[in-house]
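Beneath this line is the structure, given in structure tokens, with notes to follow.
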Amino acid sequence: MRIATWNVNSVGARLPRLLDWLSTAGPDVVCLQELKCAAEAFPFDAVGELGYEVAAHGTGRWNGVAVLSKVGLTDVRRGLLDEPGYQADDAEAEATEPRAVAATCGGVRVWSVYVPNGREVGHSHYAYKLRWLDALRATAAEELAEPRPFAVLGDFNIAPTDADVWDIAEFADCTHVTEAERKALTALAETGLSEVYPRPLKYDVPFTYWDYRALCFPKNRGMRIDLVYGNPAFTTAVQDSYVDREARKGKGTSDHAPVVVDLELG
DNA sequence: ATGCCAGTTTTTAACTGA
């Protein structure tokens, strides 16, 4: 089974590139993030023609996640256990956002997640990011009571180590590299998960994100923030994993590249 | 080659992203 995760930065704007990539890479299961469309506006027909069922969770302008599957799609769950919301400065109340959706596909339990950005250390969005990650940990812990292959895939907006950004000196006092964020990843792993570390197709670190600006991609000024965490039943089945940087090339691309995992399930 | 921000809507500016 081939399973992938990709922050597409608008499934509408990315549709031609997405369909092309689905056709050539041929993943069985795909976790998408940053749909930037309402669930009902997802291009179900276009991906349906390629054989995918879809569980979409989106509200419009921001965020949005989905699971696509060619190997069955059941037990869809939208949102985390006791998921916190975000209260914008001008909002009267906090609101939950579409950042997590799960489905069981071909016997594998899959979560597609889009962790809040955090904006700046000390910002209310940063506190929200840490609360959200704790809810993700609690949700994983709850679902890991079952022994089936289980994985959380998505845009974590955290670089696990200093080597996972192009130059740690550029990230002083920045989000994505703080101890608190990394501790949240460790806490998630301590529920019984470990990271699947992908192969880079070029260079030494498999970055998954490069800013659109300032020639970041040609200069390989990237970050490794799209991650895959699996339980032992999942990770022991892994045959290969890589970041498909080819999908970041050319016109009309996302600023993220897909992470692909190949499994041999017993 | 990899090519110098892009996406959305509360649209012609503001906000978000990381």
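Convention: sequence-line order gives letters A, B, ...; per-chain numbering from 1. All values below were derived from every heavy atom in this structure, side-chain atoms included, with hydrogens, water molecules and symmetry-related copies excluded.
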- Would you indicate what A:D211 reaches in the nucleic acid, counting non-hydrogen atoms under 4.0 angstrom: base, sugar-phosphate, or nothing? nothing
- Message: Expressed as a whole number of angstroms, how long is the span from A:N9:CG to B:dT16:P?
- Response: 15 Å
- Message: Checking side-chain polar atoms at under 3.5 Å, does A:D262 have a donor or acceptor matched by the opposite partner on A:Q239?
- Response: no
- Figure out the CZ/C1' separation between A:R221 and B:dA18, and round it to whole Å. 13 Å
- Query: With sugar-phosphate meaning primed atoms plus P, OP1 and OP2, does A:G12 contact a base, only sugar-phosphate, or nothing at under 4.0 Å between heavy atoms?
  - Reply: nothing
- Note on the structure: Rounding to 0.5 Å, atoms NZ (A:K70) and CE (A:M1) come to a distance of 11.5 Å
- Atom CZ of A:F217 and atom C1' of B:dA1: how far apart are they, to the nearest Å? 10 Å
- Item | Inter-nucleotide P distance (B:dG3, B:dA13), Å rounded | 30 Å
- Query: What's the closest nucleotide to the A:R119 side chain, out of B:dG3, B:dT16, B:dA18?
  - Reply: B:dT16
- Message: Could you tell me how far apart A:R213 (CZ) and B:dG17 (C1') are, to the nearest whole angstrom?
- Response: 8 Å
- Between B:dT16 and B:dA1, how far apart are the P atoms? Round to whole Å, please. 40 Å
- A:K219 NZ to B:dG3 P, in whole Å, measures 14 Å
- Query: With rounding to whole Å, what would you report as the distance between B:dA6 and B:dT11 at their P atoms?
  - Reply: 23 Å
- Query: So, is A:T175 near the phosphate of B:dA18, with a side-chain N or O under 4.0 Å from OP1 or OP2?
  - Reply: no
- Item | Straight-line distance of A:L144 CG to A:L193 CG, nearest 0.5 Å | 5.0 Å
- Query: So what does A:K251 touch, heavy atoms closer than 4.0 Å: a base, only the sugar-phosphate, or nothing?
  - Reply: nothing
- Message: In whole Å, measure the gap between the C1' atoms of B:dT12 and B:dT8 for me.
- Response: 14 Å
- Query: Between atom CD in A:E34 and atom C1' in B:dC15, what is the gap in whole Å?
  - Reply: 13 Å
- For A:H256 and for A:R248, find the nucleotide of DNA chain B with the closest heavy atom, then tell me which residue's nucleotide is more 5'. A:R248
- Item | Heavy-atom donor-acceptor pair, A:R14 side-chain to B:dA6 base, under 3.5 Å | no
- Task: When you get a sec, tell me which of B:dT8, B:dA18, B:dG17 is the closest nucleotide to the side chain of A:D155?
- Result: B:dA18
- Query: How close or far is atom P of B:dA18 from atom OH of A:Y126, stated in whole angstroms?
  - Reply: 16 Å
- Rounding to the closest angstrom, what is the interatomic distance between B:dC15 and B:dT10 at atom C1'? 10 Å
- Message: For A:V228, run the side chain to side chain contact (heavy atoms under 4.5 Å, CB included) check against A:V260, A:V152, A:T5 and tell me which one passes.
- Response: A:T5
- Which of B:dG3, B:dT8, B:dA18 is nearest the side chain of A:Y114? It is B:dA18
- Task: Compare the minimum distances between each of B:dA18, B:dT9, B:dA6 and the side chain of A:Y212, then state the nucleotide with the smallest one.
- Result: B:dA6
- With A:L263, which of A:D240, A:I3, A:D28, A:T236 fulfils side chain to side chain contact (heavy atoms under 4.5 Å, CB included)? A:I3
- Measure the distance from CG on A:N220 to C1' on B:dC4 and round it to the nearest whole Å. 16 Å
- Item | Closest approach of A:D255 to A:R248 (non-hydrogen atoms, all atoms of both residues) | O-NE, 3.3 Å
- Relative to the 5' end of DNA chain B, which residue comes earlier, A:I225 or A:R245, by the nucleotide with the nearest heavy atom? A:R245
